[in-house]
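Given the structure is predicted, the values throughout are model-derived calculations rather than measurements. Any value given below was found using the heavy atoms of this structure, including those in side chains, with hydrogens, waters and symmetry copies removed.
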Amino acid sequence: MNDYIDSYPPPTFDTTKPHSARAWDYWLGGKDNFAVDREFADRYAEIFPEIIEIARADRAFLGRAISYLAGEAGIRQFLDIGTGLPTVDNTHEVAQRIAPDSRIVYVDNDPLVLVHARALLSSSPEGATAYIDADMRSPQKILNIADQTLDFTQPIALSLLGIMGTIADLDEAHAIVKEFMNALPSGSYLAVNDGTDVLMGEARRQELLQLTRERPGYGYYHRRTPEQIARFFTGLELLEPGVVSTPLWRPAPGSTPTALDAFCGVARKP
């Protein structure tokens, strides 16, 4: 079952200003970007070359985390907030490859993601996918609509990957996550991946801040410390290896990952 978006008004977006989703798509080798995005992304990567590795590591973490949740943890319902542009191995593709009856709800408020949302709705016959055009600052709205696809009496995995840094106020960010998790039943999971600045240093952080000020439309990503990211999991049972740099979370056997300025974790609600 697919929940299409025909009732939404035609989205509009500005192709004269760089956009974070399109820059991220470019770093991942995608084609859903424009010259202004590529120019900005190249300048960003000149200051912070690791961003390309981080983009790929974040995507790989999605695959490992969802594979664990759909496989070993037995989760069959997923709420993916901050979806981003569709690429290979989206949440529903990973989950339904393991468990075809998985049900996935995607949430994003990016007009460009809305344009491409049909690519996120190619569900297996046994499962279901839906897309909600909403801001994560409205948890109750999202929960009310997601209730049409997900069964809130059964465990749900909430994924917030590379999205919490868009909330400037840390207390507000933690409150949003808490409100979502309070609505989910026991046995649910939380997966968070977020940017840090523990390795880049203050000088590069200031350069990136200045670049985003020069390019309105991209938006500044508020990087957290690993300790601040760990607070998202307060009251939950954090899985091993805890909150670690993203490439170090359960890496593929035989791989030799190195730490990057992105940290993540997965935890279970008791």
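- Between Gln96 and Thr129 there is a side-chain heavy-atom pair separated by less than 4.5 Å.
- Shortest non-hydrogen contact noted between Pro251 and Leu248 is CD-O, 3.5 Å.
- The six-membered or imidazole ring of Trp249 lies away from that of Phe263, with a centre-to-centre distance of 6.0 Å or more.
- For the 3.5 Å distance criterion, the side chains of Asp194 and Tyr221 qualify, holding a donor opposite an acceptor.
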* To do: Give the intermediate values and the outcome of side chain to side chain contact (heavy atoms under 4.5 Å, CB included) for residues Arg231 and Arg224.
  => CA-CA 11 Å; Arg231 277 184 56 196; Arg224 316 294 190 195; over 6 Å; no
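- Counting only distance, with no hydrogens or angles, the side chain of Ser245 and the backbone of Ala259 share no donor-acceptor pair below 3.5 Å.
- Going from atom CE of Met164 over to atom NE2 of His174 covers 7.5 Å, rounded to the nearest 0.5 Å.
- Judged by distance alone, the side chain of Tyr44 and the main-chain N or O of Ala23 form no donor-acceptor pair under 3.5 Å.
- Taking both residues in full, the closest heavy atoms of Arg268 and Gly187 are given as NH2-CA, 3.6 Å, listed atom of the first, atom of the second, then distance.
- Tracing side-chain contacts under 4.5 Å through hydrophobic residues (I, L, V, M, F, W, Y), one never reaches Ile66 starting from Ile98; they form parts of separate clusters.
- Looking only at side-chain heavy atoms (C-beta outward), Asp80 and Val105 stay at 4.5 Å or farther from each other.
- A donor-acceptor contact shorter than 3.5 Å links the side chain of Thr83 to the backbone of Val107.
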message = If you apply the rule side chain to side chain contact (heavy atoms under 4.5 Å, CB included), what do you find for Met181 with Leu236, and how did you get there?
response = CA-CA 9 Å; Met181 291 308 297; Leu236 306 178; 4.2 Å; yes
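- Under a 3.5 Å cut-off, the side chain of Thr212 and the backbone N or O of Leu208 do form a donor-acceptor pair.
- Between the side chain of Tyr26 and the backbone N or O of Glu39, no donor-acceptor pair lies under 3.5 Å.
- Between Asp89 and Arg59 there is no salt bridge, since no side-chain nitrogen of the basic residue lies less than 4.0 Å from a carboxylate oxygen of the acidic one.
- The shortest distance between side-chain heavy atoms of Ile156 and Phe78 does not fall below 4.5 Å.
- We find the OG-CD1 distance between Ser123 and Ile104 to be 6.5 Å, quoted to the nearest 0.5 Å.
- Aromatic pair Phe40/His19: ring centres not closer than 6.0 Å.
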Discussion item. Assess the residue pair Ile176 and Ile167 against the criterion (side chain to side chain contact (heavy atoms under 4.5 Å, CB included)); give the C-alpha distance rounded to whole Å, side-chain angles, the decisive distance to 0.1 Å, and a yes or no.
Written reply: CA-CA 10 Å; Ile176 289 170; Ile167 306 295; 4.1 Å; yes
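- A donor and an acceptor atom, one from each side chain of Ser102 and Gln77, are nowhere located under 3.5 Å apart.
- Smallest separation of non-hydrogen atoms from Val198 and Asp261: N-OD1, 2.9 Å.
- Looking only at distances, no side-chain donor or acceptor of Gln154 sits under 3.5 Å from a matching main-chain atom of Asp151.
- Between Ser188 and Pro155, the closest heavy-atom pair is OG-CA, 3.5 Å.
- Counting heavy atoms from C-beta outward, Val192 and Ile163 have side chains that stay 4.5 Å or more apart.
- To the nearest 0.5 Å, atom CZ of residue Arg204 and atom CD1 of residue Ile47 are 9.5 Å apart.
- Between Arg76 and Arg103, the closest side-chain pair of non-hydrogen atoms is not below 4.5 Å.
- Side-chain N or O atoms of Arg64 include one that pairs as donor or acceptor with a backbone N or O of Arg250 at under 3.5 Å.
- Residues Leu170 and Phe233 fall into different hydrophobic clusters, defined by Ile, Leu, Val, Met, Phe, Trp and Tyr side chains chained together at heavy-atom separations under 4.5 Å.
- In this structure, Thr225 contributes its side chain and Gln228 its backbone to a donor-acceptor pair below 3.5 Å.
- For the pair Phe180/Leu184, no side-chain contact is recorded, criterion being any heavy-atom separation below 4.5 Å from C-beta on.
- Counting all heavy atoms, side chain and backbone alike, Ala267 lies closest to Leu238 at CB-CA, 3.8 Å.
- Without hydrogens or angle criteria, Asp108 side chain to Val113 main chain gives no donor-acceptor distance under 3.5 Å.
- To the nearest 0.5 Å, atoms CG (Leu143) and CD (Glu179) are separated by 7.0 Å.
- In summary, Arg43 and Glu214 engage in a salt bridge, as defined by a charged side-chain N under 4.0 Å from a carboxylate O.
- Taking NZ of Lys178 as the reference point, atom OG1 of Thr234 lies at 9.0 Å (rounded to 0.5 Å).
- With respect to Asp37 and Arg22, a salt bridge is recorded, a charged nitrogen being found less than 4.0 Å from a carboxylate O.
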Requested in this report: Any chance you could lay out the ring pair (Phe, Tyr, Trp, His ring centres under 6.0 Å) test for His92 and Tyr106, step after step, and finish with the verdict?
Outcome: CA-CA 9 Å; His92 73 282; Tyr106 291 105; 5.7 Å; yes
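- Taking a cutoff of 4.0 Å between a charged side-chain nitrogen and a carboxylate oxygen, Arg205 and Glu202 qualify as a salt bridge.
- The shortest side-chain heavy-atom distance between Arg56 and Leu28 falls under the 4.5 Å cut-off.
- A distance of 10.0 Å separates CZ in Arg38 from CG in Asp25, rounded to the nearest 0.5 Å.
- Not a single donor-acceptor pair under 3.5 Å links the side chain of Asn193 to the backbone N or O of Asp58.
- Ring-plane geometry between Tyr68 and Tyr189 is classed as perpendicular, the angle between the planes exceeding 60 degrees on a 0 to 90 degree scale with a lower cut at 30.
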Q) Passes side chain to side chain contact (heavy atoms under 4.5 Å, CB included), Met136 versus Thr166? Steps please. A) CA-CA 10 Å; Met136 68 174 169; Thr166 61; 3.4 Å; yes
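- Counting heavy atoms from C-beta outward, Leu160 and Leu190 have side chains that approach closer than 4.5 Å.
- Here the closest non-hydrogen pair linking Ala146 and Leu79 is CB-CD1, 4.3 Å.
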